[in-house]
Amino acid sequence: DRELRYLVASKRWLQDYRLTDRDIIGKCHYDVFPEIRANRDWLDIHRRCLAGAVEKREEDRFPRADGTEDWLRWEVRPWYDDAGEIGGIIMFTEVVTKRKKAEEAVRIGEERLELALNGADLGLWDIDIAAARVAVNARCAEIFGFSLKTVPTDVNVWRSLVNPTDLPALSDHLWEHMAKQRPNLDMEFRIYTRIGRPLWVQLRGKVVEWDSGGVPRRITGTLLDITARKAAE
């Protein structure tokens with residue numbers, strides 16, 4: 001109602017906020033969630049919605065009084081009585097904490113991978129075989145003389161940068177792996193950069209996704225510039 005006292009609450013609301021052992025009907029929202037009283041942002045949202053506003057957020061951090069933290073997706077809107085007056089507000093919420101933690105874990109994993117690749121001076125490449133599209137990280141683009149803004153995605157462009165003398169052996173190596181005759185890709189060959197500079201590189205990788213019929217869909221791996229090592233040899 002207008003005093004933020006609960007008139008009704010769904011079972012999902014009680015479960016999400018760990019309130020199944022409490023009778024919250026008639027109690028003030030701020031007494032059920034005392035941590036809200038200290039949050040000026042939420043108090044202002046409730047005030048604006050009681051004045052007729054509709055507000056929502058796709059992600060909102062909710063630090064709890066017990067020291068835990070939830071992430072919410074929510075919408076708050078007024079409800080009207082028979083006389084057309086605002087009688088209070090309705091809160092729709094979804095606790096998205098698990099999704100947020102999963103996304104954070106992925107982000108941290110990607111950051112650690114990028115650090116490891118940078119430390120080893122490795123380029124990362126990923127090929128969508130069906131679409132004939134290539135995605136690379138900054139180091140892989142740099143080896144070929146591209147920036148991430150100018151890097152090509154067409155697999156045929158990348159194939160054209162392989163030294164023609166080495167291309168047949170590379171193609172055979174790749175097809176043998178996709179036919180499951182080789183467990184992994186591991187080959188050294190020559191390329192030309194965007195401006196025609198010759199380099200030696202080492203490519204390693206494997207198919208990481210197959211369709212239901214056993215046809216490879218995605219292949220990924222690393223690329224290392226070994227020109228200096230080849231010169232030394």
Side-chain angles (χ1 to χ4, degrees), residues 1 3-50 53-79 88-120 122 124-131 133-138 148 205-212 216-222:
D1 63 13
E3 302 301 321
L4 273 294
R5 293 173 298 204
Y6 284 93
L7 304 179
V8 66
S10 70
K11 290 182 179 179
R12 179 63 182 270
W13 177 281
L14 300 175
Q15 291 168 356
D16 281 352
Y17 296 105
R18 304 183 288 279
L19 298 169
T20 52
D21 60 342
R22 295 180 59 182
D23 179 11
I24 65 171
I25 303 305
K27 292 184 171 60
C28 179
H29 184 56
Y30 302 144
D31 292 332
V32 176
F33 298 100
E35 53 268 52
I36 290 179
R37 290 187 185 276
N39 190 303
R40 184 71 185 182
D41 185 30
W42 286 330
L43 297 180
D44 287 344
I45 289 168
H46 297 157
R47 177 180 52 78
R48 290 194 295 270
C49 291
L50 285 169
V54 175
E55 302 209 14
K56 60 183 178 180
R57 289 182 188 168
E58 289 301 309
E59 285 186 353
D60 200 11
R61 180 172 166 269
F62 183 22
R64 303 297 304 275
D66 61 5
T68 61
E69 179 179 271
D70 277 320
W71 282 87
L72 311 178
R73 183 170 70 91
W74 57 259
E75 179 175 317
V76 180
R77 58 175 56 240
W79 62 265
I89 57 176
I90 304 176
M91 301 179 186
F92 302 93
T93 71
E94 179 185 5
V95 176
V96 295
T97 308
K98 288 184 179 179
R99 188 198 76 196
K100 188 70 177 177
K101 287 182 177 180
E103 291 173 350
E104 182 69 6
V106 170
R107 184 188 65 78
I108 291 173
E110 289 175 344
E111 288 179 350
R112 288 174 177 170
L113 174 61
E114 191 65 25
L115 286 171
L117 290 171
N118 289 340
L122 288 171
L124 180 69
W125 52 270
D126 192 305
I127 301 175
D128 180 332
I129 298 172
R133 294 291 178 184
V134 182
V136 301
N137 73 346
L148 285 179
K206 66 183 297 185
V207 174
V208 294
E209 186 178 343
W210 308 78
D211 68 14
S212 58
R217 296 183 57 180
R218 188 168 143 252
I219 186 167
T220 189
T222 60

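Heavy-atom basis, side chains included; hydrogens, waters and symmetry copies ignored.
- Using a 4.5 Å cut-off on side-chain heavy atoms (C-beta onward), Pro63 and Glu35 make no contact.
- The shortest side-chain heavy-atom distance between Asp31 and Arg37 falls under the 4.5 Å cut-off.
- The shortest distance between side-chain heavy atoms of Phe33 and Asn39 does not fall below 4.5 Å.
- Of the candidates Arg133, Arg218, Arg217, Asp126 forms a salt bridge (Lys or Arg N to Asp or Glu O under 4.0 Å) with just one, namely Arg218.
- The structure places CD1 of Ile36 at 11.0 Å from CG of Asp41, a figure rounded to the nearest 0.5 Å.
- Electrostatic pairing of Glu59 and Arg99 counts as a salt bridge here, judged by a charged N lying under 4.0 Å from a carboxylate O.
- By the 4.5 Å heavy-atom criterion applied to side chains, Tyr17 and Ile24 are not counted as neighbours.
- The distance from the CZ atom of Arg40 to the CZ atom of Arg47 is 7.0 Å, given to the nearest 0.5 Å.
- Atom-to-atom distance recorded for Asp1:CG and Trp79:CH2 is 7.0 Å, nearest 0.5 angstrom.
- Atom CZ of Arg48 has more than 12 heavy atoms from other residues, nucleotides or ligands within 6.0 Å.
- The minimum heavy-atom distance between Pro78 and Val54, with the atom names listed, is CD-CG2, 4.0 Å.
- The two residues Cys49 and Ile89 make their nearest non-hydrogen contact at CB-CG2, 3.8 Å.
- Between the side chain of Trp71 and the main chain of Val95, no donor-acceptor pair closer than 3.5 Å is present.
- Within a 6.0 Å sphere centred on CZ of Arg57, heavy atoms belonging to other residues, nucleotides or ligands number more than 12.
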**OP:** Check the pair Trp74 / Glu55 against side-chain contact (heavy atoms from CB on, under 4.5 Å), numbers first and verdict last.
**Re:** CA-CA 8 Å; Trp74 57 259; Glu55 302 209 14; 4.1 Å; yes
**OP:** Using the side-chain contact (heavy atoms from CB on, under 4.5 Å) rule, take Ile90 and Glu75 through it: C-alpha gap first, then chi angles, then the decisive distance, then the call.
**Re:** CA-CA 8 Å; Ile90 304 176; Glu75 179 175 317; over 6 Å; no
**OP:** Please test Asn137 against Leu122 for side-chain contact (heavy atoms from CB on, under 4.5 Å), starting from the C-alpha separation and ending with a verdict.
**Re:** CA-CA 9 Å; Asn137 73 346; Leu122 288 171; over 6 Å; no
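- Scanning all heavy atoms of the two residues, the minimum distance from Thr220 to Val208 falls at CG2-CG1, 3.5 Å.
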**OP:** Evaluate ring pair (Phe, Tyr, Trp, His ring centres under 6.0 Å) for Phe62 paired with Trp42, printing each intermediate quantity in order.
**Re:** CA-CA 10 Å; Phe62 183 22; Trp42 286 330; 5.1 Å; yes
Subject >> CA sep, side-chain torsions, deciding dist, call: Met91, His46, side-chain contact (heavy atoms from CB on, under 4.5 Å) >> reply: CA-CA 10 Å; Met91 301 179 186; His46 297 157; 3.6 Å; yes
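- Aromatic ring pairs are classed by plane angle as parallel below 30°, tilted from 30° to 60° and perpendicular above 60°; the pair Trp13 and His29 is tilted.
- Of all heavy-atom pairs spanning Ala9 and Leu14, the tightest one is CB-CD2, 4.4 Å.
- For the atom pair Glu94 CD and Glu58 CD, the distance stands at 9.0 Å (nearest 0.5 Å).
- Taken to the nearest 0.5 Å, the CG atom of Asp70 stands 3.5 Å off from the OG1 atom of Thr97.
- The two residues Arg22 and Val32 make their nearest non-hydrogen contact at NH1-O, 3.9 Å.
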